[in-house]
2 protein chains.
Amino acid sequence: MGVRRTSGRDGVRRAAREAQAVPHATVGRLPGYLRALEETAADGAVLTSSDELAARAGVTPAQLRKDLSFLGSYGRRGVGYDVGHLREQITVALGLADVRRVLLVGVGNLGHALANYAGIAERGFVLVGLVDADPAVVGTTVAGLVVEPAADLAAVVARTGATIAVLTTPAAVAQRVCDELVAAGVVGVLTFAPCALRVPPHVDVRAVDVASELQILAFHDRARSVGGGVS
Amino acid sequence: MGVRRTSGRDGVRRAAREAQAVPHATVGRLPGYLRALEETAADGAVLTSSDELAARAGVTPAQLRKDLSFLGSYGRRGVGYDVGHLREQITVALGLADVRRVLLVGVGNLGHALANYAGIAERGFVLVGLVDADPAVVGTTVAGLVVEPAADLAAVVARTGATIAVLTTPAAVAQRVCDELVAAGVVGVLTFAPCALRVPPHVDVRAVDVASELQILAFHDRARSVGGGVS
DNA sequence: TAGATTGTTAATCGATTAACAATC
DNA sequence: TAGATTGTTAATCGATTAACAATC
């Protein structure tokens, strides 16, 4: 920890080392930059600037340049950024150079919707398996995949080589399923279950809780009506 | 801005003033604390501690106490926190004392799933309207509500008094719909569309992008395989 | 050369952590 | 009183911002 900025020779090894040092907050914004670059590319532009890209991504140009500087120096002063090249660099930085295999556990309403969500396949992932505990759902085909029983979870992970899982089970079973996923070798979990998940340090959890998001919006809504309305 | 800690007399007025000063990061964790308290209450406990509550919420006890201190002094030294009372205080702080009205725009796969998501109603919100642009969907009943046409959006906001909207439209129309929502008086937007939304300063946006979340997981996955595996 | 735009530095700001005095 | 646990302080840490030198 605390790798101090050196004068900066040896290119490749530096890039590899620095990847470790990309701040969390920056990593969280990289997907937005990638999205912005894809929009720019779709418009046919070959070159872009921190001003344009930042505007598209909804951040300040200073923030964007700072963030990109953690990945390397991929722009040209006085000129801007090559859209295709920067896109490639961010793709590599995010680990999307090769497609990641995703397993979805819990094929209820939400799981069903996510399985059919095109954005997943379009942005570097393949859905490789579906698992559910409900016998009425097991065996049905969703998004081109046959739903497999919860009892086979470990086997499905092993067979598919999934490293990332999407968890859309009821909260009551989320921790148990998560433990099984981790034991089977999954290292990233995106959970929609409204409960905290405990995982070992080598596993990464991202939690999306729709009700929590609404509650955060409610706070600001309230603050607006109660407070004097300053800014 | 920058209200300096005063010696701390006058209780009620202070609570109201300080609500303005709750840090963003703290606000983001309050829903988790509320959830943890609800679990604790369900277990029949009347009293809890920062240790227990923090464990349930997945944070450190120091973090939890610091966060709660921004709301006021609702615990008793040497004793702990009264579950019901703290729950009430956080509920009030989040602006959930009275139910917030939510409008959902975009009744596709995901919108359908969210409309039927029980967690929304259970945690302080009422779904008051559904809007979609597709004539095949308009007029159908989902989650007990009749889907209304996109052309009536402003009228639906006015009639229902919705202040918060959930946006599950395609990215291509998200900004336009968002503008209409804001013009109609909505002050909080939870969007699932994979694009940055521009809103005036008095409006709050929370964005959930499933593919972005997966990409963030991919980054850590990659860092794990490339890096030496330090921590 | 003049104008444009990056990459980096340094200053500021906000969040987290740890320790402990207050107090039940 | 002794033990427990909060609420607060101060130190640390990380993130953001703004300005500008480097350089195309």
Side-chain angles (χ1 to χ4, degrees), chain A residues 1-9 11 14-15 18 20-30 32-33 37 40 45-55 57-83 85-86 89-90 231, chain B residues 1-9 11 14-15 18 20-30 32-33 40 45-55 57-83 85-86 89 231:
Chain A
M1 47 183 94
V3 176
R4 274 292 147 231
R5 184 156 304 286
T6 60
S7 53
R9 299 173 219 151
R14 166 156 142 246
E18 303 237 324
Q20 289 287 64
V22 180
H24 285 318
T26 295
V27 174
R29 282 184 293 264
L30 291 181
Y33 299 157
L37 279 166
T40 308
V46 164
L47 214 61
T48 187
S49 66
S50 61
D51 266 35
E52 186 195 345
L53 214 50
V59 302
T60 65
Q63 175 89 269
L64 179 122
R65 290 202 303 275
K66 185 81 173 125
D67 283 336
L68 293 185
S69 78
F70 290 111
L71 307 183
S73 296
Y74 299 130
R76 273 166 58 198
R77 297 177 197 233
V79 179
Y81 300 93
D82 180 279
V83 175
H85 183 241
L86 185 55
Q89 295 306 324
I90 297 181
S231 174
Chain B
M1 51 184 86
V3 176
R4 274 293 149 230
R5 183 157 306 287
T6 59
S7 52
R9 300 173 219 154
R14 166 156 141 246
E18 304 237 323
Q20 289 286 64
V22 180
H24 285 318
T26 296
V27 173
R29 283 184 294 263
L30 291 180
Y33 299 157
T40 309
V46 163
L47 215 61
T48 187
S49 67
S50 61
D51 267 35
E52 186 195 344
L53 214 48
V59 301
T60 64
Q63 174 89 270
L64 179 121
R65 290 203 301 276
K66 185 82 173 121
D67 282 337
L68 293 185
S69 77
F70 289 112
L71 307 183
S73 297
Y74 299 131
R76 274 165 58 195
R77 294 175 199 235
V79 179
Y81 299 93
D82 179 279
V83 174
H85 184 241
L86 184 55
Q89 295 305 324
S231 174

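Order of the sequence lines fixes the chain letters, A, B, ..., with proteins taken first and strands second; residue numbering starts at 1 for each chain.
Here the closest heavy-atom approach between residue Gly32(B) and residue Ala57(B) is recorded as O-CB, 4.1 Å. Of all non-hydrogen atoms in Leu86(B) and Tyr74(B), the two that sit nearest each other are CD1-CB, 4.1 Å. Nearest approach of Phe70(B) to Val22(B), heavy atoms of both residues: O-CG2, 4.1 Å.
Every residue two or more places apart in sequence or in another chain that forms a side chain to side chain contact (heavy atoms under 4.5 Å, CB included) with Ser50(A) is listed here: Pro61(A), Leu64(A), Arg65(A), Tyr81(A). For Ser49(B), the side-chain hydrogen bond (donor to acceptor under 3.5 Å, both in side chains) criterion is met by no residue, not counting sequence neighbours. With sequence neighbours excluded, the residues forming a side chain to side chain contact (heavy atoms under 4.5 Å, CB included) with Val79(A) are Leu47(A), Arg76(A), listed by chain and number.
We find that CG of Leu71(B) is positioned 11 Å from P of dG7(D), with the value rounded to whole Å. Rounded to a whole Å, the OH atom of Tyr74(B) is 22 Å from the P atom of dT5(D). Taking atom OH on Tyr81(B) and atom P on dC24(C), their separation rounds to 14 Å, with Å as the unit. For Leu64(B) and dT8(D), the CG to C1' distance is 15 Å, given to the nearest whole Å.
Here the side chains of Arg29(B) and Val59(B) are in contact, with some heavy-atom distance below 4.5 Å. Under the 4.5 Å side-chain criterion, counting only non-hydrogen atoms from C-beta, Val83(B) is not in contact with Leu53(B). By the 4.5 Å heavy-atom criterion applied to side chains, Gln89(B) and Leu71(B) are not counted as neighbours.
Residue Ser73(A) places its side chain closer to dG7(C) than to any other of dT6(D), dT17(C), dG7(C).
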What's touching nucleotides 19-22 of chain C from the protein side, N or O pairs under 3.5 Å?
{"unit_1": "dA22(C)", "atom_1": "N3", "unit_2": "Arg77(B)", "atom_2": "NH1", "d": "3.1"}

Identify all pairs in which a protein N or O lies below 3.5 Å from an N or O of nucleotides 12-16 of chain C, and state each distance.
{"unit_1": "dT16(C)", "atom_1": "OP1", "unit_2": "Arg29(B)", "atom_2": "NH1", "d": "2.8"}
{"unit_1": "dT16(C)", "atom_1": "OP2", "unit_2": "Arg29(B)", "atom_2": "NH1", "d": "3.4"}
{"unit_1": "dT16(C)", "atom_1": "OP2", "unit_2": "Arg29(B)", "atom_2": "NH2", "d": "2.7"}
{"unit_1": "dT16(C)", "atom_1": "OP2", "unit_2": "Gln63(B)", "atom_2": "OE1", "d": "3.4"}

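At least one side-chain nitrogen or oxygen of Ser50(A) sits closer than 4.0 Å to the OP1 or OP2 atom of dT6(C).
Consecutive pairing runs in DNA chain D reach the stem threshold at C:3-24 with D:3-24, where a stem means at least three Watson-Crick or G-U wobble pairs with distances under 3.5 Å.
If you take CG on Asp51(A) and OG1 on Thr60(A), they are separated by 10.0 Å, rounding to the nearest 0.5 Å.
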